[in-house]
Amino acid sequence: MLNEKVAALINDQVNKELYSSYLYLDFSLYYEEEGLDGFANWYKVQAQEERDHAMLMLRFLQNNGVKPVLEAVAKPDKELNDKLTVLEYGLEHERYVTSLVNNIYDAAYTARDFRTMQFLDWFVKEQGEEEKNAEDLIKKLRLFGDDAKGLYMLNAELAARAYNPPSLVLD
Ligand code: FEO
């Protein structure tokens, strides 16, 4: 059985990850409207990954005797009207999610809940990668985005992103 506080935080994180998925789906819809189908693809794949994160959290609760409780997922509330600002929202959101994962880790550490700490190690690494990806996207758009050919090439690069299931697998 998990520590009650840790379990509650993980349950809350299921919701946060589903919100992340919903937010990135909204980003994807925005870019699709702008004719940037590669950017749209990149965020659609990201939305799938976020849903995977929610499912992993949910499964971890179940595997440890906790019944997950699903709450309402908030409506994405960002004004999306500039292709660079949307990427900056993405980075800001990932940093926020990192802080949430760190909070859960901190609670698990305090409770000497080594099982949860080990589970969260994957998410700590994943957040590092996701922040870097978000930073790289911003850098590239700043470098190439003002030039039509550069933007075309960047869009084509992002169109090639394929979905891969998470490397973490739970029974
Ligand atoms: Fe699942 Fe990018 O947070």
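Counting starts at 1 for both ligands and their atoms, following the listed order.
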Salt-bridge criterion met for K78 and E88 (N-O under 4.0 Å): no
Presence of salt bridge, E32 and K44, under 4.0 angstrom: no
Atoms of protein origin (N, O or S) under 2.8 Å from atom 1 (Fe) of ligand 1: E17 OE1, E50 OE1, H53 ND1
N-O pairing of K125 and D121 below 4.0 Å: no
Using distance only, find each side-chain donor-acceptor pair of residues 162-171 under 3.5 Å and give its atom names and separation, not counting sequence neighbours.
unit_1 : atom_1 : unit_2 : atom_2 : d
Y163   : OH     : D52    : OD1    : 3.3
Y163   : OH     : D52    : OD2    : 2.6
S167   : OG     : W122   : NE1    : 2.8

Side chain to side chain contact (heavy atoms under 4.5 Å, CB included) partners for L70, two or more places apart: V14, L58
Residues forming a salt bridge (Lys or Arg N to Asp or Glu O under 4.0 Å) with D37, sequence neighbours excluded: none
